[in-house]
Structure formats: structure tokens, C-alpha cells
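Owing to the predicted nature of the structure, the values given are computational and were not obtained by experimental measurement.
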Amino acid sequence: MIGNALCISRELWAIHEKRGGEMLERKRSRSQEADGGESDDNDVVTRPSSLSKDHTVLDIDVDLPRTFPILSFFHDGGEWENRLRGLLSAYCSYRPDVGYIQGMSF
């Protein structure tokens, strides 16, 4: 049994799962804009915050292929890839002061 040391209810999980997914998509689109598109300077979310590390959510996509490399179900559309991505992005939403740290997926 894994447990629930953070005492997260199903309702709280659903909130952060949704917010984490939205955060990941928002950061992906902003990253693509920075690579060649236009960004909206009036968007408060794009400004860096000393308290939030939500920008680290982009590192999840970089780190996932490195997670248990011999287990294919974590990679390229594998059975657990999206579930693990969802779990990690939900944690980034739940603890924006921590964000994602390389190796968290292990």
C-alpha cells in the first residue's frame, strides 16, 4: 500500500490534477511561443515568481523518457506515461513552491 501521507482527498486530487494539466499545457504553449511566436507581456502568469517553481513542470516531459528506460509502459504513449505525467504535474500544482525536481518520476 502506498498510503496518503499528504492527506489528499479525492476532491483535492481532482482539483490539482486538472490544474496541473492546465499548467503543463500553458507552459508548453508559452515555450513554443518563445521559440518563434509572440507572447503577451500583459499575462501575469508569464512573469517569474520567486515563490513559484511551476515553470519546472516542463522538465517532466524531458525526464519521463529517462524513467525506468527498460520499461516501455512509461514511454511514447505507453500505458502509464500519461498517468505518471498527470501525477507529477498534479504535484507541481499542489506544491508550487517545490515544483518538479529531476528524478521525481522514479
Q: State, to 0.1 Å, how close Glu81 and Leu64 come at their nearest heavy-atom pair, and which atoms those are.
A: O-CD1, 4.0 Å
Q) Does Arg83 make a cation-pi contact with Trp80 (under 6.0 Å, within 45 degrees of the axis)? A) yes
Q | Reported CD-to-CD1 distance for the pair Glu17 and Ile8, which is rounded to 0.5 angstrom | A | 11.5 Å
Q | Any Cys92 side-chain heavy atom under 4.5 Å of Met23 side chain | A | yes
Q: Taking the side chain as every heavy atom from C-beta outward, state whether Met104 and Val98 have any atom pair closer than 4.5 Å.
A: yes
Q | Verdict with supporting geometry, Asp59 and Gln102, side-chain contact (heavy atoms from CB on, under 4.5 Å) | A | CA-CA 7 Å; Asp59 295 335; Gln102 185 177 15; over 6 Å; no
Q.
Please determine whether salt bridge (Lys or Arg N to Asp or Glu O under 4.0 Å) holds for the pair Glu33 and Arg30, giving the CA-CA distance in whole Å, both sets of side-chain angles, and the decisive distance to 0.1 Å.
A. CA-CA 5 Å; Glu33 287 174 358; Arg30 292 210 175 99; 5.1 Å; no
Q. Taking only residues two or more places apart in sequence, or in another chain, which ones meet Tyr91 in a ring pair (Phe, Tyr, Trp, His ring centres under 6.0 Å)?
A. none
Q. To the nearest 0.5 Å, what is the distance between OG (Ser89) and NZ (Lys18)?
A. 13.5 Å
Q: Could you name each residue pair satisfying salt bridge (charged side-chain N to carboxylate O under 4.0 Å, His left out) that touches residues 64-75, not counting sequence neighbours?
A: Asp63-Arg66
Q: Drop me the distance from Ile60's CD1 to Lys27's NZ, to the nearest 0.5 angstrom.
A: 12.0 Å
Q: Rounded to the nearest 0.5 Å, what's the gap from OG on Ser29 to CG on Leu24? Could you check?
A: 10.0 Å
Q. Could you state the interatomic distance from CZ (Arg85) to OH (Tyr100), rounded to the nearest 0.5 Å?
A. 11.0 Å
Q.
Checking Ile15 now: which residues fulfil side chain to side chain contact (heavy atoms under 4.5 Å, CB included) with it, not counting sequence neighbours?
A. Arg19
Q: Nearest 0.5 Å please: distance from the CG atom of Leu6 over to the CG atom of Leu12.
A: 9.5 Å
